[in-house]
Visitor: 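Sharing a structure here in structure tokens format.
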Amino acid sequence: MPELDGRRALVTGGASGIGAACVRALAASGAHVVVADVDEAGAAALAEEVGGSSWTVDLLDVTALETLELDVDILVNNAGIQRVSPLEEFEPAAFRRILALMLEAPFLLVRAALPHMYEQGFGRIINVSSVHGLRASPFKGAYVAAKHGLEGLSKVAALEGGPHGVTSNCVNPGYVRTPLVEKQIAAQAEAHGIPEDEVLATVMLAESAIKRLVEPEEVGALVTWLASPHSAMVTGASYTMDGGWSAR
Ligand code: NAD
């Protein structure tokens, strides 16, 4: 029997990239998956593909999440955006937007999901953080701050949820082959006047032990394992998947 049969999962930012890979992997393990995304058409198409359902939601609208009640067993906080700017030029409104989407919305979704999880004595919270949840890079101030905050939130949920059968963990990918990263590679190739494979070798993967991008499906598999019965004693943890980048 598939391991997640009968479980309900919700994946934010589920219409694209890592989120879409999580949706497919969780559904393949038997879960009913709700694809939550601002991209209405993308979420609906993927929900139809996997036999799940879709929820069109702008997670920047945080006040609307304050009264939410979620009856899901598995919550994957994945939606995220990136902005690159030195701190002294970082627009305050952009900083706040990133924190709203990548820290405040996950808090509100955890808050909305815990009562149901506590009632049934089971829950899995999985936060898609980043190597930038554990280490900083210049010019990614809001992103690094939001991901570090997410790590803290995840650990508090682990401590509070443990006695109720709820685990909470982070996954911390390095560069993953998603539309977001493919755009970054193309932009850097143009900016430096070098081919894309050279951008990968000399810029993005220079410090990795394994010289390739992470595939979204690899993150989906780790997230599905964290949702499974095999990870029952894993909580408050952060799992890097970065080809050895952060080992250096
Ligand atoms: P992506 O751009 O491919 O997908 C992000 C999804 O989030 C999209 O479907 C988008 O519509 C949705 N989204 C954006 N704003 C939203 C909003 N306001 N409300 C609802 N949905 C919204 O991105 P990705 O590369 O798959 O990244 C997913 C997560 O993984 C992010 O949290 C990112 O920080 C993290 N991550 C990515 C990488 C990488 O290399 N791609 C590495 C480490 C961590």
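Numbering of ligands and ligand atoms starts at 1, following listing order. The first residue of the sequence shown is numbered 1, and numbering continues consecutively from there. As the structure is a computational prediction, the values presented were derived from the model and not from experiment. Reckoned from all heavy atoms, side chains included, excluding hydrogens, waters and symmetry mates.
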Visitor: Pick, from D37, V35, L60, L150, the option with the minimum heavy-atom distance to atom 12 (C) of ligand 1.
Guide: D37

Visitor: Return the SG to CG distance between C22 and L226, rounded to the nearest 0.5 Å.
Guide: 10.0 Å

Visitor: Can you confirm, on distance only, whether ligand 1 has an N/O atom lying under 3.5 Å from any N/O atom belonging to Y175?
Guide: no

Visitor: Test R24 against E217 for salt bridge (Lys or Arg N to Asp or Glu O under 4.0 Å), laying out the working first.
Guide: CA-CA 9 Å; R24 291 194 175 98; E217 294 71 26; 5.8 Å; no

Visitor: When you measure from the centre of the six-membered ring of F95, is the NZ or CZ of R83 under 6.0 Å away and within 45° of the axis?
Guide: no

Visitor: Is V176 in polar range of ligand 1, meaning some N or O pair under 3.5 Å apart?
Guide: yes

Visitor: As an exercise, state the distance from NZ of K140 to CG of L87, rounded to the nearest 0.5 Å.
Guide: 13.5 Å

Visitor: When clusters are formed by joining ILVMFWY residues with side-chain heavy atoms under 4.5 Å apart, either directly or through shared neighbours, do V50 and L26 land in the same one?
Guide: yes

Visitor: Would you say S129 contacts ligand 1, with heavy atoms under 4.0 Å as the rule?
Guide: yes

Visitor: Pick whichever of N78, D242, D58, V76 has a heavy atom sitting closest to atom 31 (C) of ligand 1.
Guide: N78

Visitor: Below 4.0 Å from any atom of ligand 1, is there a heavy atom belonging to R177?
Guide: no

Visitor: So, does R8 use its side chain to make a donor-acceptor pair with the main chain of D71 at under 3.5 Å?
Guide: yes

Visitor: Keeping the roles fixed (side chain from T224, backbone from G220), state whether a donor-acceptor pair exists under 3.5 Å.
Guide: yes

Visitor: Heavy-atom contacts under 4.0 Å between V181 and ligand 1: side chain, backbone, both, or neither?
Guide: side chain

Visitor: Mark up the atoms of ligand 1 that fall under 4.0 Å of a heavy atom belonging to P179, in ascending order.
Guide: 3 (O)

Visitor: Under 3.5 Å between any N/O of T178 and any N/O of ligand 1: does that happen in this structure?
Guide: yes

Visitor: Which bit of H132 gets closer than 4.0 Å to ligand 1, counting heavy atoms only: side chain, backbone, both or neither?
Guide: neither

Visitor: Could you find the nearest protein heavy atom to atom 43 (C) of ligand 1 and give me its residue, atom name and distance?
Guide: P173 O, 3.3 Å

Visitor: On a heavy-atom basis, I'd like to know which of D61, I81, L101 is closest to atom 17 (C) of ligand 1.
Guide: L101

Visitor: Nearest 0.5 Å, please: how far is CD1 in I18 from CG in N78?
Guide: 6.0 Å

Visitor: Quick one: does G174 get a heavy atom under 4.0 Å from ligand 1?
Guide: yes

